[in-house]
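Encoded as structure tokens, the structure appears first; notes follow it.
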2 protein chains.
Amino acid sequence: MSGISRFTPEQIATAKRHAKATPPDDLDPRIEALVNDLIGRVADKWTMLILEVLGEKGTLRFTRLGELVEGISQKMLTQTLRQMERDGLVARTVYPVVPPKVEYQLTPLGASLGAAFCGVWIWAAENLKQVERARVQFDEKAKTV
Amino acid sequence: MSGISRFTPEQIATAKRHAKATPPDDLDPRIEALVNDLIGRVADKWTMLILEVLGEKGTLRFTRLGELVEGISQKMLTQTLRQMERDGLVARTVYPVVPPKVEYQLTPLGASLGAAFCGVWIWAAENLKQVERARVQFDEKAKTV
DNA sequence: CGGGATCCCACTGGATACTG
DNA sequence: CAGTATCCAGTGGGATCCCG
């Protein structure tokens with residue numbers, strides 16, 4: 001993994017349109033619970049990292065993807081990819097050849113989620129130092145007490 | 001919890017400025033690992049929900065906050081709040097009275113993170129149906145096989 | 001009221017080995 | 001190559017009790 005993912009201008013434009021959309025405050029409470037669940041599923045560490053790598057590289061085979069997602073075990077890679085495929089975030093293409101060849105790429109839905117997460121990545125990159133400073137400060141205060 | 005949080009126009013504007021900023025592709029790889037860690041920490045379910053509730057309500061006491069964050073145990077509430085306080089996301093104010101009174105509110109840093117997450121909330125609300133459709137489709141395909 | 005301390009379980013997720 | 005299957009340790013997180 002060599003950098004924060006770069007999404008296309010169209011994807012970023014989509015994210016901005018989302019941000020401008022009227023806040024859905026009038027949501028059914030039951031719907032809201034579902035949204036919370038979805039957030040919980042989607043805000044997963046590996047999901048976000050896979051989203052980033054696929055957003056950056058386009059199409060990747062299983063093993064290569066595993067190499068690019070730093071630190072992921074093959075079990076979690078399989079598991080997360082299945083989950084994402086089920087949720088319609090990634091498309092899985094199997095070529096019936098020997099040895100097997102399987103390619104993964106983001107669906108438009110997956111790409112739009114990647115764009116939505118873009119702001120969080122940027123926030124993290126921009127505020128990393130500030131968070132670290134806050135931690136040092138907090139820990140020192142805790143010591144003296 | 002009664003709705004997706006509403007952030008101020010200024011906060012949303014900040015998010016948009018973030019989105020416009022040049023992608024930090026030239027990051028030090030070590031820095032990138034730190035960013036990934038930070039993402040992992042911050043993309044936590046309870047953190048996101050607390051962020052939402054505090055963003056919506058402003059200032060809250062411990063017990064009230066626990067009521068508003070649907071389903072959280074007191075242990076996780078304490079733990080997550082400490083974490084967020086350490087990271088500089090929430091401010092904790094203790095009033096030396098009996099019985100104790102402790103108030104929590106977002107710091108500017110916490111509010112900016114909330115704004116960054118706003119896009120993800122909206123994405124989830126907008127694409128919930130589509131994800132559910134994808135799941136049904138996936139599950140039915142799996143059955144026939 | 002706002003936690004801290006403990007106990008305990010379920011599940012997450014890593015390592016390893018095997019297969020079509 | 002792209003998984004599946006198995007085993008196992010760590011820990012996320014709930015329940016309970018207690019204290020200042």
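Quick caveat: nothing in here was measured; it's all calculated off a predicted structure. Because only heavy atoms are used, hydrogens play no part in the values below, and waters and symmetry mates are left out as well, while side chains stay in. Naming: A, B, ... by sequence-line order, numbering from 1 per chain.
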Measure the distance from [atom1] on [X] to [atom2] on [N] and round it to the nearest whole Å.
| X | N | atom1 | atom2 | value |
| --- | --- | --- | --- | --- |
| B:Glu70 | D:dG14 | CD | P | 13 Å |
| B:Tyr95 | C:dG2 | OH | P | 12 Å |
| B:Gln74 | C:dG2 | CD | C1' | 8 Å |
| A:Ile72 | C:dT12 | CD1 | C1' | 13 Å |
| A:Phe62 | D:dT4 | CZ | C1' | 10 Å |

Query raised in the report: Are OP1 or OP2 of C:dC1 and a side-chain N or O of B:Arg61 less than 4.0 angstrom apart?
Result: no
**Report entry** Contact under 4.0 Å: B:Thr63 side-chain N or O vs C:dC1 OP1/OP2
**Finding:** no
**Report entry** Axis bend over the full length of the helix from C:dC1-D:dG20 to C:dG20-D:dC1, computed from five pairs that close each end, to 10 degrees
**Finding:** 50°
Report summary line: Taking for B:Arg64 and for A:Asp44 the nucleotide of DNA chain C with the nearest heavy atom, the one nearer the 5' end belongs to B:Arg64
Query raised in the report: At their closest point, which heavy atom of B:Gly119 faces which heavy atom of A:Ala116, and how far apart are they?
Result: O-CB, 3.7 Å
Requested in this report: Might you point out which heavy atoms bring A:Leu81 and A:Val90 nearest each other, and give the distance in Å?
Outcome: O-CG2, 3.9 Å
Query raised in the report: Thinking salt bridges, do A:Arg135 and A:Glu132 make one under a 4.0 Å N-O criterion?
Result: no
Report summary line: Separation between CD (A:Glu103) and CZ (A:Arg64), nearest 0.5 Å, reads 13.5 Å
Requested in this report: Please work out if A:Tyr104 contacts a base, only the sugar-phosphate, or nothing of the nucleic acid, heavy-atom cut-off 4.0 Å.
Outcome: sugar-phosphate
Query raised in the report: Side chains of A:Leu65 and A:Val69: does their closest heavy-atom pair fall under 4.5 Å?
Result: yes
Query raised in the report: Does a side-chain heavy-atom distance below 4.5 Å link B:Phe62 with B:Thr78?
Result: yes
Would you confirm whether [X], through its side chain, and [Y], through its main-chain N or O, come within 3.5 Å as a donor-acceptor pair?
| X | Y | result |
| --- | --- | --- |
| A:Ser112 | A:Leu109 | yes |
| A:Thr107 | A:Leu89 | yes |
| B:Asp44 | B:Trp46 | yes |

Query - Interface with DNA chain C, restricted to residues 75-93 of chain A and to heavy atoms under 4.0 Å - result: A:Lys75, A:Met76
Report summary line: B:Trp46 has its side chain closest, among C:dC1, D:dG13, C:dG2, to D:dG13
